[in-house]
Number of protein chains: 2
Amino acid sequence: MATITDVSRLANVSKATVSRVLTGNRGVRQESREAVLKAVETLNYRPNIFAQSLANEYSNQVAVVLREADVNRLSAHLPQLARGIQAQGLEMTLGFVASSAQIDEQLQRLSQFNPVATIVLGVDDDLSTHDRVIQIGMGEQAIHYDYPFACESAVRYLLSQGHRQIAIWLDDDEPKIRDALLDGYRQALQNQSLPFNRQLVVNGPHDSEQSLLELLNRYLPFSALLVRRDSDAATAIRLLREFNITVPQEVSLMSLEDSPLAVQLCPPLTCIHYPIDSLLDAVLDRLAQLLHKQTRSPQTLLRGNLVIRDSVRTANHR
Amino acid sequence: MATITDVSRLANVSKATVSRVLTGNRGVRQESREAVLKAVETLNYRPNIFAQSLANEYSNQVAVVLREADVNRLSAHLPQLARGIQAQGLEMTLGFVASSAQIDEQLQRLSQFNPVATIVLGVDDDLSTHDRVIQIGMGEQAIHYDYPFACESAVRYLLSQGHRQIAIWLDDDEPKIRDALLDGYRQALQNQSLPFNRQLVVNGPHDSEQSLLELLNRYLPFSALLVRRDSDAATAIRLLREFNITVPQEVSLMSLEDSPLAVQLCPPLTCIHYPIDSLLDAVLDRLAQLLHKQTRSPQTLLRGNLVIRDSVRTANHR
DNA sequence: CTGTTAGCGCATTCAG
DNA sequence: CTGAATGCGCTAACAG
């Protein structure tokens, strides 16, 4: 590989000038600049990032921490994220955490790369105290998704379709999100002066049939079921069918995700769309701001929209 | 951050000795070694990877190139791969390619990290010429999945269930795999002295209803359909249902993937399981061999096994 | 505007 | 077995 010295010799300038041309674009005569650029071209020179990072304070790396449970959902967007990061001249390094408990461990591991920024996706903990952290989640400075709004919208829609007994399946591995969803659920009912029935709320891990069995075992009739994940919806469709309950004829179903799976199921799911794209764009915006030392943007809040498909039917009013 | 100088001072040895203890374990007095190790501990010293990589020829990075189309399938296993790599004291850097055409571009980009090895997943091109490349695919030295075997097994199973008109949906974006599958298909028929009917083979992109419509438009009766991807199976179930053809009552369905989606569908899919786990384990084995400069392992070939669920019924013999 | 110089932290000679 | 010295490639003062 060609080094900066090779370039400087070929361009008849000093290494410092080459460095100036390639990094801080200021204060170089046009003539010299062109000579350098030409030499760079002909030698196909690429700066050695290790030498660069060693000489500088930090590297061209952006650390990205993912919850393993979110990897499936996010992974389809990883290329998008990587491209966005590369568009800013940076590189992406991944760290995986099984649970929030491991976040510090990963952060420390990733610190060996001296990243210019750290992006944390899907971790509930508030990381505002850390420096140069961009977070999607519930933290102080995080990019927020409006879960209450999503849940309220879903319930509101089901109510508009005549449903009165609306069950909701919440997962307990993300307590803050769980609470936010429950808030939205109660809010929607309250706005219509409808009673809140604790029996219609089940907690349980994702994709677990048990949670649903628990609901069925309560012998409480419900005409609609709201779940957070499309995969939960898939589980629900399967299990309900085994109990001879068809979706949407007997029970309407809504999810708060709208992943590719939503259209693959029978019936295709009516959803409040979780806008990963937009969230990641917001992340990239923040990253750009952070690099250019602009003022910190205020808390970002994004909302989902209603996507109507076939898993909701109007309820038979009695 | 503590540097090697700090450690050397605290341990009352020279930087060289510290370096020796931490890398090449040879030729250090037990006494000195312990002093160094203790100093490392108390200072919580971590070598600066940039300085390390600069001084050395190469880095602690392993480059991993993924086809974007495979990201969804592989992503759930990315943490597994990352852990396996980290277990060998290395780090993983990702590169995404939309098509095989971009592979060289990514390889060049990743070369800036001076990776000790490059892992290429799901790219058809033969990369044997490149140095230190570990590949899952069809290349000369690649880790192979036995596609013909998988396809033959599936057809064999369907035949055993009385099916005689077995349609197959192949995708054309991976020609080598397509051909391999077709080989297996023909082989299975040949073994039973059954005729091969070109009309039962459709080509088309993944998740495209058109391919399936094409098949239906041929008005050729078939009692079973074989697809490569679970998502294709999902598409098939949905489309067939819209034509009032139920799975598995009227058409049996098999896939060659068995991803998490396979059990989420109605009916759950009978599959030949594609063993990503094992393939990645094979990759990690190769990586270990490559690091320890052992002899190159012979070509690796892995096979899938039959997973019986509910999407295949015995055919009504006429 | 530009060249010279001095490190960044580490591994690796080469003498002891 | 060990320490001093050298250089990896680059950036950032500091003088001109």
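The chains referred to below are lettered A, B, ... by the order of the sequence lines, with proteins before strands, and numbering in each begins at 1.
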Peer 1: Starting at CZ of F50(A) and ending at C1' of dA11(C), how long is that distance when rounded to a whole Å?
Peer 2: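 Distance, rounded to whole Å: 15 Å.
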
Peer 1: Could you measure the distance from the CG atom of D125(A) to the OG atom of S99(A)? Nearest 0.5 Å is fine.
Peer 2: 9.0 Å

Peer 1: Rounded off to whole Å, could you give me the CD1-to-C1' distance for the I4(A) and dG7(D) pair?
Peer 2: 16 Å

Peer 1: Could you tell me how far apart N114(A) (CG) and dC8(C) (P) are, to the nearest whole angstrom?
Peer 2: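 The answer, rounded to whole Å, is 15 Å.
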
Peer 1: Using the rule side-chain contact (heavy atoms from CB on, under 4.5 Å), only one of I119(B), L78(B), I136(B) pairs with L280(B); which is it?
Peer 2: I136(B)

Peer 1: From the options dA11(C), dT11(D), dT2(C), select the nucleotide whose nearest atom is closest to the side chain of S32(A).
Peer 2: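 Out of dA11(C), dT11(D), dT2(C), the nucleotide with an atom closest to S32(A)'s side chain is dT2(C).
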
Peer 1: Can you tell me if the side-chain N/O atoms of Y45(B) get under 4.0 Å from OP1 or OP2 in dC10(C)?
Peer 2: yes

Peer 1: dC10(D) P sits how many Å from N48(B) CG, rounded?
Peer 2: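 Rounding to the nearest Å, CG of N48(B) and P of dC10(D) are 16 Å apart.
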
Peer 1: Decide whether a cation-pi geometry holds between R178(A) and Y147(A); the criteria are a distance under 6.0 Å from NZ or CZ to the six-membered ring centre and an angle within 45° of the ring axis.
Peer 2: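 Geometry flag: not set, cation outside 6.0 Å or 45°.
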
Peer 1: Looking at CD1 of I134(A) and CG of L121(A), how far apart are the two atoms once the value is rounded to the nearest 0.5 Å?
Peer 2: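 Here the interatomic distance stands at 10.0 Å.
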
Peer 1: Before accepting this row, confirm whether a basic side-chain N of the pair R303(B)/D146(B) lies closer than 4.0 Å to the acidic partner's carboxylate O.
Peer 2: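 Looking at D146(B) together with R303(B), the answer is yes, because their closest N to O distance falls below 4.0 Å.
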
Peer 1: Strictly by salt bridge (charged side-chain N to carboxylate O under 4.0 Å, His left out), give each pair with a member in residues 60-87 of chain B just once, sequence neighbours left out.
Peer 2: E68(A)-R83(B), R83(A)-E68(B), R67(B)-D70(B), R67(B)-E174(B), D70(B)-R73(B), D70(B)-R229(B)

Peer 1: Any donor-acceptor pair under 3.5 Å linking the side-chain atoms of T300(B) with those of R286(B)?
Peer 2: yes

Peer 1: Have a look at S53(A) and say if it touches a base, only the backbone sugar-phosphate, or nothing, with a 4.0 Å heavy-atom cut-off.
Peer 2: nothing

Peer 1: Looking at dG3(C), does its base get a donor-acceptor pair with the side chain of R20(A) below 3.5 Å?
Peer 2: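 Between dG3(C) and R20(A), which were checked side chain against base, a qualifying N/O pair under 3.5 Å is present.
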
Peer 1: Could you check how far CG of N56(A) sits from P of dG7(C), rounded to whole Å?
Peer 2: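 Spelled out: CG on N56(A) to P on dG7(C) is 17 Å.
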
Peer 1: With a 6.0 Å cut-off (strictly less than), is the heavy-atom count around NZ of K38(B), excluding the residue itself, greater than 12?
Peer 2: no

Peer 1: Which is more 5' along DNA chain D, the nucleotide nearest Q30(B) or the one nearest L54(B)? Just name the residue.
Peer 2: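 Closest to the 5' end, via its nearest nucleotide, is Q30(B).
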
Peer 1: Could you give the CD-to-P distance, from E31(A) to dC1(C), as a whole number of Å?
Peer 2: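 For the pair E31(A) CD and dC1(C) P, the rounded distance is 12 Å.
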
Peer 1: Among dT2(C), dC1(D), dA11(C), which nucleotide sits nearest the side chain of A55(B)?
Peer 2: dA11(C)

Peer 1: Looking at DNA chain C, which of residues 7-16 of chain B put a heavy atom within less than 4.0 Å of it?
Peer 2: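 Contacts with DNA chain C under 4.0 Å: K15(B), A16(B).
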
Peer 1: Side-chain N or O of T3(B) versus OP1/OP2 of dG9(C): is the shortest distance under 4.0 Å?
Peer 2: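 It does not, given that no N or O in the side chain of T3(B) lies less than 4.0 Å from OP1 or OP2 of dG9(C).
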
Peer 1: As an exercise, state the distance from CD of E91(B) to OG of S59(B), rounded to the nearest 0.5 Å.
Peer 2: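 Rounded to the nearest 0.5 Å, the CD-OG separation comes to 10.0 Å.
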
Peer 1: Checking side-chain polar atoms at under 3.5 Å, does T17(A) have a donor or acceptor matched by the opposite partner on R29(A)?
Peer 2: no

Peer 1: Runs of at least three consecutive Watson-Crick or G-U pairs, both distances under 3.5 Å, are what I'm after; which ones involve DNA chain C?
Peer 2: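 When the pairs of DNA chain C are grouped into runs of at least three, the stems are C:1-16 with D:1-16.
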
Peer 1: Let me know the distance between CD of Q52(A) and C1' of dA12(D), rounded to the nearest Å.
Peer 2: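 Atom-to-atom, Q52(A) to dA12(D), this comes out as 13 Å.
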
Peer 1: Rounded to whole angstrom units, what separation is found between the CG atom of L43(B) and the P atom of dG9(C)?
Peer 2: 14 Å

Peer 1: For a quick test of reading the model: is some side-chain N or O of T17(B) closer than 4.0 Å to OP1 or OP2 of dC1(D)?
Peer 2: no

